[in-house]
Amino acid sequence: MSPPTVRIAPSILSADYARLADAVAEAEAAGADYIHVDVMDGRYVPNITVGPPVVAALRRVTRLPLDVHLMIVEPERHLEQFAEAGADILTVQVEACRHLHRVLQSLHSLGVRAGVALNPATPPVAISQVLGDLDLVLVMTVNPGFGGQPFIPTMLPKIAEVRHMLDEAGSLAELEVDGGIGPQTAAQVVRAGARVLVAGAAIFEAAEGVAPAVQAIRSVAEAGSP
């Protein structure tokens, strides 16, 4: 049996915002699979980042799928704007959705892949009733809001639990992790069941440069594949 495919999604949260197009081009040339965009509203999380205009600008400069994570309150009010801006995947926080099933239906009606993110304190059971509606599950391995935080080791059993849930349901949804991901943690999360690795500081702040950083994470992740 061949090892599972591992995808790398560089997060522009740690890139130089004065040269985002160049940063994305570097990541694409390095073999990245997705570009991860963290949208923060200063309410759901304390930080404020970007909105649909930046997503639209990124869409013009890359062919890679834009993996947009909405860390915002009332995400249902903004789904159409982000879809029209060019997002390929829109991930909402389960904790921010009063009617999660309805939000997922809206995402599919907009023609984008539907993702749900779980904060560290949110148990996997929170998505048990919508597994059939998901294209991606994002397990946050830090508390959301800021880049460069250390990985929370106790999230490894949670990743494994979500992997088991998806497999038991026959779901093809991708299992993504975000927070403290780099060469030191990539193998662990892949062994636990993750298949998409979001990395920000480990790529865009790497002393060796973007391309060697992406390759280092990929090499470790593939070596850690079960």
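Counting begins at 1 with the first residue of the sequence. Values in this document were obtained by computation on a predicted structure and should not be read as measured data.
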Taking it one step at a time, do Ile72 and His78 satisfy side-chain contact (heavy atoms from CB on, under 4.5 Å)? CA-CA 9 Å; Ile72 63 178; His78 307 282; 3.8 Å; yes
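- Annotation for Leu118 and Pro124: closest pair CD1-CA, 4.1 Å, computed over non-hydrogen atoms.
- Contacts classified as salt bridge (charged side-chain N to carboxylate O under 4.0 Å, His left out) and involving residues 63-76 (residues at least two apart or in different chains) are given here: Glu28-Arg63, Glu74-Arg77.
- Counting heavy atoms from C-beta on, the side chains of Gln93 and Asn119 come closer than 4.5 Å.
- The list of side-chain hydrogen bond (donor to acceptor under 3.5 Å, both in side chains) pairs with a residue in residues 132-155, not counting sequence neighbours, reads His108-Asp135.
- In terms of heavy atoms, Thr122 sits closest to Ala126 at CG2-CB, 3.9 Å.
- Under the 4.5 Å side-chain criterion, counting only non-hydrogen atoms from C-beta, His69 is in contact with Leu138.
- The side-chain hydrogen bond (donor to acceptor under 3.5 Å, both in side chains) analysis of residues 17-27, with sequence neighbours excluded, yields the pairs Arg19-Glu26.
- The OG atom of Ser14 lies 8.5 Å from the CG atom of Asp38; values are rounded to the nearest 0.5 Å.
- Of all non-hydrogen atoms in Ser128 and Val125, the two that sit nearest each other are OG-O, 2.9 Å.
- Evaluation of the side chain to side chain contact (heavy atoms under 4.5 Å, CB included) rule for Ala32 yields Pro10, Ala27, Leu64 as partners, not counting sequence neighbours.
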Decide yes or no on side-chain contact (heavy atoms from CB on, under 4.5 Å) for Val73 and Asp41, but give the supporting numbers first. CA-CA 8 Å; Val73 299; Asp41 63 358; 3.6 Å; yes
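- There is no path of hydrophobic side-chain contacts, each under 4.5 Å, that joins Val198 to Val94.
- Leu100 and Ile89 fall into different hydrophobic clusters, where Ile, Leu, Val, Met, Phe, Trp and Tyr residues are linked whenever their side-chain heavy atoms come under 4.5 Å apart, directly or through other members.
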Show me the donor-acceptor pairs, under 3.5 Å and distance only, between side chains in residues 51-58 and residues at least two apart or in other chains.
none

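- Shown here for Ile217 and Ala199, the closest heavy-atom pair between the two residues is CD1-CB, 3.8 Å.
- Following chains of ILVMFWY side-chain contacts shorter than 4.5 Å, one can reach Leu104 starting from Leu175, so the two form part of one hydrophobic cluster.
- In this structure, Ile152 belongs to a hydrophobic cluster whose other members, linked by side-chain heavy atoms under 4.5 Å apart, are Met155.
- In terms of heavy-atom proximity, Gly180 sits nearest to Phe151 at O-CB, 3.6 Å.
- The CE atom of Met71 sits 13.0 Å away from atom CD1 of Ile48, with the distance rounded to the nearest 0.5 Å.
- Within the 4.5 Å cutoff, the side chain of Val196 has no heavy atoms near those of the Val177 side chain.
- Distance check: His36 NE2 to Thr91 OG1 gives 7.0 Å after rounding to the nearest 0.5 Å.
- Applying the salt bridge (charged side-chain N to carboxylate O under 4.0 Å, His left out) test to pairs two or more places apart or on separate chains, those with a residue in residues 88-112 are Arg59-Asp88.
- When hydrophobic side chains of Ile, Leu, Val, Met, Phe, Trp and Tyr are connected at separations under 4.5 Å, Leu172 ends up as a singleton with no cluster partners.
- Listed by chain and number, the residues in a side chain to side chain contact (heavy atoms under 4.5 Å, CB included) with Gln105 are His101 (sequence neighbours excluded).
- Residues in residues 139-165 take part in these salt bridge (charged side-chain N to carboxylate O under 4.0 Å, His left out) pairs, two or more places apart or across chains: Arg163-Asp167.
- Side-chain N or O atoms of Thr49 include one that pairs as donor or acceptor with a backbone N or O of Met40 at under 3.5 Å.
- Placement of Leu66 and Leu13 within a single hydrophobic cluster is found when ILVMFWY residues are connected by side-chain heavy-atom separations under 4.5 Å, directly or transitively.
- In this structure, the side chains of Phe82 and Leu70 come closer than 4.5 Å at one or more pairs of heavy atoms.
- Across every non-hydrogen atom of Ile159 and Ala194, the tightest pair is CG2-N, 3.8 Å.
- Under the 4.5 Å side-chain criterion, counting only non-hydrogen atoms from C-beta, Val116 is not in contact with Val137.
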Quick one: do Asp33 and Arg195 satisfy salt bridge (Lys or Arg N to Asp or Glu O under 4.0 Å)? Show the steps, please. CA-CA 11 Å; Asp33 300 286; Arg195 298 293 176 262; over 6 Å; no
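- Listed by first then second residue, pairs satisfying salt bridge (charged side-chain N to carboxylate O under 4.0 Å, His left out) with a partner in residues 168-178 read Arg7-Glu174, Arg113-Glu174, not counting sequence neighbours.
- Both Val210 and Val37 are part of a single hydrophobic cluster, where members link through side-chain heavy atoms under 4.5 Å apart.
- Here the straight-line distance linking atom CG of Leu90 with atom OG of Ser106 works out to 11.0 Å at 0.5 Å rounding.
- Residues in residues 198-217 take part in these side-chain hydrogen bond (donor to acceptor under 3.5 Å, both in side chains) pairs, two or more places apart or across chains: Gln215-Ser219.
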